[in-house]
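The structure appears right after this line, and notes come after that.
Note that the coordinates shown come from a computational prediction; the quantities given were computed from them, not determined experimentally.
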Amino acid sequence: MSTVLFESKSNISYVTLNRADRYNALNKDMLMELLDVLEQIEKNDDKIVILSGNGKAFCAGGDISMMTEFADKNYYENIMKTIEAIALKLYMMPKIVISAVQGSAVGLGLSLALTADYVVAQNESKLGMLFIGIGLAPDGGGHFLLRERIGTHKAKQFIWGKQQLAGPEAKAMGLVDVLTDKQAIDHATELANQMLAAPIVAMLKTKKMYHQRNEQELISYMEAERKSQWALRNTEDHQEGVSAFSEKRKPSFIGR
């Protein structure tokens with residue numbers, strides 16, 4: 001079964017994370033599949049991309065099981081560079097990108113959602129970075145994307161605070177653009193159809209002007225995140241965080 005579904009319909013590319021039994025947590029195969037789908041979409045004629053997740057969650061972030069294999073530096077580098085390529089493709093996509101957030105979008109899942117031009121979220125959705133819970137810092141361009149939306153000061157506190165915000169709180173902070181009581185994918189499709197009836201070529205020129213100027217900065221942030229994660233994964237706090245997560249208990253961090 002494919003872990004990433006793709007359908008082109010009425011000038012909209014629908015990308016659906018399809019690992020509902022794991023809350024769409026991203027493992028190596030899923031990341032490779034997602035990158036492949038985005039490369040296909042980049043070349044098609046659709047003007048809008050809608051990214052969503054099947055089941056009860058948008059995306060629970062990176063699959064914790066991958067971390068057991070991160071002791072291999074080459075494996076780690078390949079995974080991180082795949083994540084970076086996905087985030088960059090979504091951010092630089094020459095189309096309007098909409099994230100349809102149903103349920104939780106956390107960790108890397110939130111980074112992916114924030115690459116979008118519009119984040120549509122159901123009122124009951126939950127958004128958080130949560131990397132701090134396992135002694136890590138955000139990846140997937142999370143530092144850059146949060147700074148763009150809420151500024152450096154609030155971004156730091158959001159990352160450090162292990163906050164998981166409900167839809168209305170996330171909108172008030174600036175992480176969500178559109179709240180809905182409907183299914184997020186339905187509202188996102190309505191928004192997409194409104195934009196298809198607008199002068200979307202002019203909209204895309206504006207996106208290109210802003211995002212091209214930010215491209216190298218995003219790349220720089222992601223390179224720094226990759227180095228940071230490699231250093232942090234060797235800390236005692238990270239090992240404790242992963243153990244606590246696996247054992248479903250509260251971690252006991254010691255600051256090293």
Side-chain angles (χ1 to χ4, degrees), residues 26 28 31-32 34-35 38-39 42 49 51 58-63 66-67 70 73-99 101 105-119 127-163 165 170 173-177 206-235 237-238 241:
L26 297 150
K28 180 183 178 181
L31 288 166
M32 296 300 295
L34 179 55
L35 181 58
L38 293 176
E39 287 172 347
E42 194 175 36
V49 180
L51 178 64
F58 174 80
C59 179
D63 195 316
M66 280 197 303
M67 293 182 184
F70 276 1
K73 183 74 181 288
N74 288 332
Y75 180 87
Y76 171 83
E77 289 282 334
N78 287 337
I79 290 290
M80 292 299 287
K81 287 179 180 178
T82 302
I83 289 169
E84 291 164 26
I86 289 167
L88 190 63
K89 285 240 180 266
L90 282 166
Y91 184 75
M92 296 301 296
M93 186 68 67
K95 307 164 192 287
I96 302 296
V97 178
I98 304 172
S99 295
V101 177
V106 298
L108 177 57
L110 180 56
S111 294
L112 294 184
L114 295 180
T115 61
D117 302 296
Y118 288 91
V119 177
L127 290 80
M129 270 304 173
L130 307 189
F131 285 91
I132 199 76
I134 53 170
L136 293 179
D139 57 21
H143 289 90
F144 169 84
L145 296 161
L146 282 174
R147 192 208 65 185
E148 282 289 289
R149 279 188 165 260
I150 63 177
T152 301
H153 194 66
K154 287 183 179 177
K156 286 186 298 185
Q157 294 182 359
F158 180 68
I159 291 165
W160 295 340
K162 201 181 175 182
Q163 296 166 281
L165 304 180
M173 183 178 277
L175 300 179
V176 168
D177 301 302
T206 291
K207 174 176 179 174
K208 184 177 180 180
M209 275 188 268
Y210 280 123
H211 288 220
Q212 277 190 336
R213 286 181 177 271
N214 289 337
E215 182 177 9
Q216 289 305 315
E217 192 170 6
L218 172 56
I219 291 169
S220 175
Y221 267 92
M222 291 193 295
E223 288 174 350
E225 287 173 345
R226 187 184 344 127
K227 292 174 183 175
S228 172
Q229 292 289 50
W230 180 252
L232 287 169
R233 68 165 305 282
N234 293 306
T235 63
D237 278 348
H238 173 59

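Residues Thr235 and Ala231 come closest through the heavy atom pair CG2-O, 3.8 Å. Between Ile86 and Leu31, the shortest heavy-atom contact is CD1-O, 3.3 Å. Nearest heavy atoms, Ile159 versus Met129: CG1-CG, 4.4 Å. Contact record, Ala85 with Leu35: CB-CD1, 3.9 Å, taken as the closest heavy-atom pair. Contact record, Arg149 with Val176: NH1-N, 4.2 Å, taken as the closest heavy-atom pair. Smallest separation of non-hydrogen atoms from Leu127 and Phe158: O-CZ, 4.1 Å.
Checked by atom type and distance alone, the side chain of Thr82 pairs as donor or acceptor with a backbone atom of Asn78 at under 3.5 Å. Side chain of Ser99 to main chain of Val119: no donor-acceptor pair is present (N/O by atom type, distance under 3.5 Å, no hydrogens or angles). At distances below 3.5 Å, not a single donor-acceptor pair connects side-chain atoms of Glu215 with backbone N or O atoms of Met92. For Lys207 (side chain) and Met93 (main-chain N/O), a donor-acceptor pair under 3.5 Å exists by modelled atom type. Side-chain N or O atoms of Glu225 include one that pairs as donor or acceptor with a backbone N or O of Gly142 at under 3.5 Å. Checked by atom type and distance alone, the side chain of Gln229 never pairs as donor or acceptor with a backbone atom of Leu136 at under 3.5 Å.
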* Determine, step by step, whether Phe58 and Leu110 satisfy the side chain to side chain contact (heavy atoms under 4.5 Å, CB included) criterion, reporting the C-alpha distance in whole Å, the side-chain angles of both residues, the deciding distance to 0.1 Å, and the verdict. => CA-CA 9 Å; Phe58 174 80; Leu110 180 56; over 6 Å; no
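One finds the CG atom of Leu232 at 11.0 Å from the CZ atom of Phe131 (value rounded to the nearest 0.5 Å). Note: Leu90 CG to Leu114 CG = 11.5 Å, rounded to the nearest 0.5 Å. In this structure, Leu146 CG and Ser111 OG are separated by 7.0 Å, a value rounded to the nearest 0.5 Å. Atom CD of residue Glu148 and atom OH of residue Tyr221 lie 8.5 Å apart, to the nearest 0.5 angstrom. The CG atom of Leu218 sits 10.0 Å away from atom CZ of Arg147, with the distance rounded to the nearest 0.5 Å. One finds the CD1 atom of Ile83 at 5.0 Å from the CG atom of Leu108 (value rounded to the nearest 0.5 Å).
Note: Trp230 and Tyr76 have tilted aromatic rings, judged against thresholds of 30 and 60 degrees for the angle between ring planes.
Side-chain contact between Glu77 and Asn74 is absent, with no heavy atoms from C-beta onward closer than 4.5 Å.
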